[in-house]
Amino acid sequence: MKSNFSQKVYEVVRKIPRGKTLTYKQVARIAGKPKASRAVGNIISKNTNKNVPCHRVIRSDGKLGGYNGLRGKSKMQLLAKEGIKL
DNA sequence: CAGATGACGATCA
DNA sequence: CTGATCGCCATCT
C-alpha cells in the first residue's frame with residue numbers, strides 16, 4: 001500500500017511529457033514536500049514502474065543522478081532518445 | 001517501534 | 001569551481 005506522498009510522486013512523474021525532464025526537487029515540490037527530494041528518489045527507486053518515466057527525473061545539478069539496471073538501460077540513453085542530451 | 005538507508009538539495013570550506 | 005558535510009523525508013530491515 002502506497003502512502004499519499006508516493007502516490008502523488010508517481011502521478012507527477014507520469015505527467016511528464018516526452019522530451020521534458022523534471023528535477024527531484026520539482027517533483028517533491030509538486031507533490032507537496034519541497035524538502036522531500038530524497039524521499040522522492042527513494043520511493044521511485046523501490047518502485048521502478050514502467051508506466052512512470054522515472055528516467056525523466058534528474059537531479060537539480062543537471063546530472064542524471066542514479067538509475068541503473070532497468071532493462072540494462074541508463075537514463076542518459078533514454079533521455080537521448082527523447083531528444084534530451086548533455 | 002527504532003535505527004539505518006538512499007535514484008537529493010543546499011550550504012560551508 | 002570542486003569536494004565535503006548537514007539537513008530532510010519516506011521506505012526498508
Side-chain angles (χ1 to χ4, degrees):
Chain A
M1 187 59 185
K2 312 306 181 190
S3 296
N4 184 8
F5 183 68
S6 55
Q7 182 61 69
K8 188 79 176 205
V9 172
Y10 298 130
E11 185 178 354
V12 174
V13 177
R14 198 180 305 160
K15 284 177 171 74
I16 302 176
R18 184 176 85 63
K20 183 67 172 287
T21 51
L22 282 179
T23 66
Y24 290 98
K25 189 167 69 170
Q26 288 296 306
V27 176
R29 181 174 168 169
I30 297 167
K33 301 269 189 248
K35 310 234 174 266
S37 53
R38 279 179 94 153
V40 172
N42 239 325
I43 292 163
I44 293 172
S45 72
K46 291 171 182 93
N47 282 279
T48 62
N49 293 326
K50 60 180 166 48
N51 43 322
V52 176
C54 41
H55 57 267
R56 287 185 194 152
V57 184
I58 62 175
R59 291 183 56 129
S60 59
D61 301 86
K63 295 176 183 52
L64 302 178
Y67 194 74
N68 167 41
L70 187 65
R71 287 196 329 187
K73 299 291 191 190
S74 56
K75 277 182 165 182
M76 184 174 67
Q77 301 306 304
L78 297 169
L79 293 173
K81 291 171 108 42
E82 297 291 300
I84 302 161
K85 48 190 176 302
L86 306 178

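Sequence lines set the chain letters: A, B, ... in the order given, protein chains first and strands last, and positions in each chain run from 1. Hydrogens, waters and symmetry mates play no part in the numbers below; they use all other heavy atoms, side chains included. Everything numeric here is computed off the predicted structure, so don't read it as measured data.
Mapping K46(A) and S60(A) onto DNA chain B via the closest heavy atom, the residue that lands nearer the 5' end is K46(A). The 5' end of DNA chain C is approached more closely, in terms of each residue's nearest nucleotide, by S37(A) than by the other of K33(A) and S37(A).
A39(A) comes within contact range of at least one nucleobase, with a heavy-atom separation under 4.0 Å. G66(A) comes within 4.0 angstrom of the backbone, heavy atoms only, and of no base.
No side-chain N or O of N4(A) forms a donor-acceptor pair with one of K8(A) less than 3.5 Å apart. Looking only at atom types and distance, the side chain of N49(A) has no donor-acceptor partner in the side chain of Y10(A) under 3.5 Å away.
Taking only side-chain nitrogens and oxygens, S6(A) comes nearer than 4.0 Å to OP1 or OP2 of dT11(C). At dA10(C), none of the side-chain N or O atoms of S3(A) fall inside 4.0 Å of OP1 or OP2 (strictly under the cut-off). Contact check, S45(A) against dT11(C): no side-chain N or O comes under 4.0 Å of OP1 or OP2.
Taking the side chain as every heavy atom from C-beta outward, N51(A) and R14(A) approach each other to under 4.5 Å.
A straight line from OH of Y24(A) to P of dA10(C) spans 17 Å, rounded to a whole angstrom. In this structure, K8(A) atom NZ and dC9(C) atom P are separated by 18 Å, rounded to whole Å.
Counting atom types as modelled, R59(A) pairs no side-chain N or O with a base atom of dC8(B) as donor and acceptor under 3.5 Å. Taking 3.5 Å as the limit, the base of dG7(C) and the side chain of R38(A) contain a donor-acceptor pair of atoms between them.
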